[in-house]
Each structure stands twice: as structure tokens, then as C-alpha cells.
Amino acid sequence: ARTSRLPPSEAPEVYLVQLGLFQSPDGIRTIRRTLREQQLSASEAEVEIRGQRYQRFRLGPFSEAEEAQRLARKVNQLFHLQSAVIPLPR
């Protein structure tokens with residue numbers, strides 16, 4: 001998983017793990033089912049990018065980057081994807 005680095009003066013308060021953006025109904029159902037089976041609670045939002053609609057899945061927030069990184073590694077293995085750790089500014 002990737003983590004963006006910010007200068008200490010701009011250090012984020014919390015981190016999210018973004019699984020990704022998904023468009024396929026089958027893929028979305030698989031993500032939902034696997035999250036439920038693994039007892040992982042994710043926020044899900046519909047987003048529109050260049051006229052295309054996607055479902056975005058995020059886990060968190062986490063107060064420590066290391067905690068977010070651990071979960072990112074777990075979901076990368078579960079879903080065979082490359083999640084991203086997203087810092088949220090104050």
C-alpha cells in the first residue's frame with residue numbers, strides 16, 4: 001500500500017485505506033461479500049469521474065499510519081489489489 005508523506009507541520013490526524021473504485025456489479029458484490037465475511041466495516045460511496053459512475057470503498061479512519069498500513073496489506077491479499085493509505089489533513 002502507498003502512503004503519501006506530508007511535512008510534520010502538515011501531518012494528518014487520521015488515515016483511510018482506500019480499496020479502490022469499482023464499476024462492475026459483480027466486482028462490487030464480491031467486495032461487499034468479502035468485507036462482510038472478514039467483518040470489516042467499510043464506507044461506500046458512489047462517485048462520478050468523467051461521466052462514469054464508480055463505487056468507492058474505504059476503511060478507517062485510523063489514528064496511526066502503521067495501523068492503516070497493516071490493514072492495507074491484509075486487504076491487498078484478500079482482494080488481490082493495491083490499496084492506498086490516504087492521509088486526511090486536520
If you measure from CG on L78 to CD on E37, what distance do you get to the nearest 0.5 Å?
9.5 Å
Beyond-backbone contact of E13 with L88, side-chain heavy atoms, under 4.5 angstrom
no
Are E66 and R70 close enough for a salt bridge, meaning some N to O gap below 4.0 Å?
no
Mind listing the closest non-hydrogen atom pair of A68 and Y15 along with its distance?
CB-CB, 3.9 Å
Are F79 and T34 side-chain neighbours, meaning at least one heavy-atom pair lies under 4.5 Å?
yes
Quickly, which of R32, R58, R56 forms a side-chain hydrogen bond (donor to acceptor under 3.5 Å, both in side chains) with E44? Name it, please.
R32
Find the distance between OG (S83) and NZ (K74) and round it off to the nearest 0.5 Å.
12.5 Å
Among the clusters formed by ILVMFWY side chains lying less than 4.5 Å apart, do L35 and L81 turn up in the same one?
yes
Grouping I, L, V, M, F, W and Y whenever their side-chain heavy atoms are under 4.5 Å apart, do I28 and V17 come out in a common cluster?
yes
Hydrophobic clusters here meaning ILVMFWY residues chained together by side-chain heavy-atom distances under 4.5 Å, can you tell me if L59 and L21 are in one?
no
Measuring from atom CG of D26 to atom CD1 of I31, what distance do you get when rounded to the nearest 0.5 angstrom?
12.0 Å
Among all residues two or more places apart in sequence or in another chain, which pass the side-chain hydrogen bond (donor to acceptor under 3.5 Å, both in side chains) test with Q23?
Q52
Taking atom CZ of F62 and atom CD of Q69, what is their separation to the nearest 0.5 Å?
11.0 Å
Count the heavy atoms belonging to other residues, nucleotides or ligands that lie under 6.0 Å from CD of E64, then report whether that count exceeds 12.
no
Do L16 and V85 have side-chain heavy atoms sitting under 4.5 Å apart?
no
List in chain and number order the residues that pass ring pair (Phe, Tyr, Trp, His ring centres under 6.0 Å) with F22, two or more places apart in sequence or in another chain; answer none if no residue qualifies.
F57
